[in-house]
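Every chain is numbered from 1, with letters handed out A, B, ... down the list of sequences.
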Amino acid sequence: MAESKYIEGMPMRVRFGPSPTGITHLGSARTALYNYLLGQQTGGQFILRFEDTDQKRYDPRAEEDLISSLKWLGLNWDEGPDIGGPYAPYRQSERKDLYLEVAETLVQKGHAFYCFCSKSELENTKKEQKKRKEHPRYPGTCRNIPLEEARKRISIGEEHVIRFKMPRKGTTTVVDRLRGEITFDNALLDDYVLIKSDGLAVYHLATMVDDHFMKITHVLRGEEWIPTFPLHAQIYRAMGWNEPEWVHLSLFLKPSGKGKMSKRDTEVMKASGESIFIRDMKKMGYLPEAVINWVALMGWGYDDQTEFFTMEDLIDKFSISKLNPKNAAIDFKKLDHFNGLHIRHLNLEDLAQRLKPFLLEAGFFVDDQVMIKIAELLQPRMTTLDEVTDWVNFLFVDQVSPKFEDLVVKGLSAPQALEVAEKLYAILETASEYNYDQLEQPIRDLAESLSIKLGQVFGVLRIALSGQTVSPPLIESMDILGKDKTLERLRNAITLLKSNS
RNA sequence: GCCCCCAUCGUCUAGGGGACUAGGACGUAGCCCUUUCAAGGCUAAAACCGGGGUUCGAAUCCCCGUGGGGGUACCA
């Protein structure tokens with residue numbers, strides 16, 4: 001493998017250059033993350049740049065989504081379209097003159113040429129080439145038009161593009177830090193369009209120009225760019241610029257491992273409560289910390305043990321050499337696992353604050369003291385934050401509707417259940433406070449005196465108070481519910497048990 | 001079709017010639033703990049794609065095949 005041109009530990013200038021055409025997804029998030037980590041780790045800069053050279057697909061909402069998604073994930077940039085920086089502007093549509101200038105220099109140097117071929121002409125030759133089983137490529141029609149003639153045709157308004165004049169013989173060797181040297185046969189490479197007929201550059205030119213002038217030292221981008229990698233290197237070489245280090249990241253595959261995510265797949269996924277879009281993950285109750293941890297580990301591994309990483313850990317431990325070039329299938333089960341881990345890692349105040357919006361959304365305004373109690377109760381048993389509503393709903397509604405058959409807990413007869421409820425009522429009525437000191441022993445004694453299981457006593461209580469067979473621990477729950485409501489619900493249960501027996 | 005990338009349990013991965021009876025995690029199953037549900041602890045089943053080389057020795061290096069993925073645009 002080729003030696004790195006950049007010394008480890010030297011400040012790196014890295015960038016994330018999304019095209020604002022859609023909603024930010026996991027793949028983008030990971031690319032942004034890895035770039036961010038390198039910038040942080042080396043004391044360099046992480047740059048956000050909007051690559052909006054495609055007018056047709058451009059969507060301003062995608063820009064907003066990008067910014068809010070990256071911020072939510074905690075991937076803050078040092079230079080970008082919203083905050084500017086020493087190499088502004090950071091939006092390619094505002095840099096078109098620069099690209100044109102470089103393209104013209106390339107023409108001047110004989111590395112590019114003006115092309116007047118119409119799209120339909122080119123489509124036809126491509127069809128014929130395919131029919132003859134030839135390698136479809138630009139036929140070279142305008143390659144050798146003298147510059148003066150070309151300029152004349154342009155001056156009379158003839159529509160044109162600028163194409164890169166790819167060498168027709170020999171090979172182009174490029175270096176990827178993960179894969180080593182990759183060699184392409186020039187005869188199979190095409191004369192790519194650099195400047196479109198609308199005067200705007202395509203990705204290939206714009207990005208190389210920006211990376212050069214913005215002094216980017218390391219390019220981490222998706223593997224889908226490998227096929228055009230030789231073009232990119234050729235542009236650098238034709239201009240006599242120093243190439244950055246190139247790293248092509250693996251792609252994310254759909255959970256089945258078969259193919260990358262399509263639009264249809266994302267819809268099917270949403271129907272089953274999953275999503276690859278960052279903004280959805282927030283709504284679904286995932287922690288940005290968990291998403292970061294999860295995504296970081298898809299395509300990168302630290303050692304044979306460690307899996308729990310905070311952003312600080314990642315900044316400290318991340319390294320390009322540990323990147324894995326193999327495509328990775330998305331596994332939402334693992335996200336759930338990391339989310340649980342990070343929920344348990346939060347302090348109670350923090351968790352309480354993050355839980356609050358979900359309760360608010362459900363129409364429950366809960367004060368901070370109670371929120372902390374809820375956070376404590378739920379911390380070990382939550383996978384996603386949005387579950388909070390289901391867990392504590394019974395504490396805030398006016399009344400619950402227990403079913404008779406549930407109240408008659410498994411292993412008890414109806415009269416037994418009634419007796420349990422009545423004796424429980426007596427205990428709870430006399431207790432001055434609902435806590436372990438006051439309640440645990442009396443309840444245990446009750447179970448023993450009736451010679452039934454403790455779980456059965458709590459079972460009756462659980463159904464009476466929550467109407468559900470599953471709930472948070474009951475003593476703490478009653479503390480939040482309050483004595484009045486607790487006793488009221490127990491009375492209702494007693495009435496129900498009586499009326500049915 | 002052509003070009004390119006990739007290949008360890010179902011999934012994410014550790015591994016970079018002997019330390020491999022191939023380690024961890026998710027998921028799955030069982031047990032313990034337990035007021036339900038979780039969490040936590042313990043245990044189990046589960047993989048080096050195939051074939052050739054190189055070497056005293058290959059999951060690790062090379063070649064071929066196969067499989068998967070990407071690209072093949074005046075999209076990015």
Side-chain angles (χ1 to χ4, degrees), chain A residues 17-22 51-54 56-57 115 117 119 122-123 126 130 133-137 159-163 176 178-179 182-185 188-190 192-204 206-207 221-230 248 250-251 253 255-260 294 297-308 321-322 324-338 340-341 343-344 378-383 391 409 440 443-444 447 453-463 466 468-475:
Chain A
S19 128
T21 54
E51 311 208 329
D52 58 344
T53 51
D54 187 344
K56 281 159 260 159
R57 292 201 303 152
C115 171
C117 299
K119 273 187 200 175
L122 293 173
E123 254 164 54
K126 195 160 280 182
K130 276 191 180 169
K133 297 204 168 166
E134 282 173 23
H135 183 67
R137 63 183 293 177
E159 190 162 281
H160 66 283
V161 300
I162 297 179
R163 284 177 184 275
D176 172 271
L178 296 183
R179 302 152 223 267
I182 308 172
T183 299
F184 294 80
D185 184 352
L188 265 13
L189 266 20
D190 214 343
Y192 295 90
V193 168
L194 260 24
I195 301 283
K196 295 179 269 189
S197 54
D198 64 1
L200 244 175
V202 297
Y203 169 91
H204 309 297
T207 298
R221 50 161 21 172
E223 188 187 77
E224 71 269 24
W225 295 110
I226 293 180
T228 44
F229 191 6
H248 291 90
S250 63
L251 266 19
L253 270 25
S256 64
K258 303 259 180 261
K260 69 172 183 180
W294 176 51
L297 255 18
M298 297 173 68
W300 175 79
Y302 178 61
D303 59 17
D304 63 345
Q305 296 295 323
T306 326
E307 286 230 313
F308 183 89
S321 60
K322 288 261 188 177
N324 187 334
K326 189 192 170 189
N327 291 167
I330 295 169
D331 181 4
F332 289 102
K333 284 267 171 51
K334 197 131 189 182
L335 203 215
D336 285 342
H337 169 249
F338 279 121
L341 246 38
I343 283 176
R344 267 156 251 138
L378 264 31
Q379 190 169 42
R381 60 199 92 228
M382 277 202 306
T383 300
W391 276 110
V409 167
E440 193 184 17
I443 294 176
R444 280 187 188 278
K453 287 182 192 151
L454 220 211
Q456 293 172 313
V457 176
F458 275 109
V460 173
L461 184 58
R462 171 167 293 109
I463 304 295
S466 71
Q468 302 160 359
T469 53
V470 174
S471 82
L474 292 169
I475 294 177

Practice item. Report yes if at least one side-chain N or O of A:K326 is closer than 4.0 Å to OP1 or OP2 of B:U8; otherwise report no. Key: yes

Review point. With a non-hydrogen cut-off below 4.0 angstrom, is A:V202 in contact with a base, only sugar-phosphate, or nothing?
Key: sugar-phosphate

Review point. Heavy atoms under 4.0 Å, any strand shown: does A:G455 hit a base, just sugar-phosphate, or nothing?
Key: sugar-phosphate

Practice item. Report which part of the nucleic acid A:Y302 touches: base, sugar-phosphate, or nothing (heavy-atom distance under 4.0 Å, all strands). Key: nothing

Review point. With sugar-phosphate meaning primed atoms plus P, OP1 and OP2, does A:G299 contact a base, only sugar-phosphate, or nothing at under 4.0 Å between heavy atoms?
Key: sugar-phosphate

Check your understanding: Across the strands shown, which category fits A:P18 at heavy-atom distances under 4.0 angstrom: base, sugar-phosphate, nothing?
Key -> nothing

Check your understanding: How is A:T53 classified with respect to the nucleic acid when contacts are heavy atoms under 4.0 Å: base, sugar-phosphate, or nothing?
Key -> sugar-phosphate

Review point. Which word best sums up how the rings of A:Y203 and A:W225 line up, parallel for under 30°, tilted for 30 to 60°, or perpendicular for over 60°?
Key: parallel

Exercise for review: May I ask you to verify if any side-chain N or O of A:N324 is less than 4.0 angstrom from the OP1 or OP2 atom of B:U8?
Suggested key: no

Review point. Taking only N and O in the side chain of A:K126, is any of them less than 4.0 Å away from OP1 or OP2 of B:A73?
Key: yes

Review point. Are the charged groups of A:E440 and A:R444 less than 4.0 angstrom apart, N to O?
Key: yes

Check your understanding: So, does the side chain of A:S197 form a donor-acceptor pair with the base of B:C74 at under 3.5 Å?
Key -> yes

Study note, to complete from the structure: In whole angstroms, the gap separating P of B:A39 from CZ of A:R344 amounts to 6 Å

Review point. Hey, does A:L474 reach any base, or is it just sugar-phosphate, or nothing, if we go heavy atoms under 4.0 Å?
Key: base

Review point. What is the nucleic acid contact for A:P325, judged by heavy atoms within less than 4.0 Å: base, sugar-phosphate only, or nothing?
Key: sugar-phosphate

Short heteroatom pairs, N/O only, protein and nucleotides 17-24 of chain B, under 3.5 Å:
unit_1	atom_1	unit_2	atom_2	d
B:G24	O4'	A:D304	O	3.3
B:G24	N2	A:E307	OE2	3.3

Point to revise | Separation of atom CG in A:D176 from atom C1' in B:C4, rounded to whole Å | key: 12 Å

Review point. What nucleic acid atoms does A:K56 come within less than 4.0 Å of, heavy atoms only: base, sugar-phosphate, or nothing?
Key: sugar-phosphate

Practice item. Return yes if the base of B:C5 and the side-chain atoms of A:R179 contain a donor-acceptor N/O pair under 3.5 Å, otherwise no. Key: no

Exercise for review: Report the distance from atom CD1 of A:I226 to atom P of B:G68, rounded to the nearest whole Å.
Suggested key: 19 Å

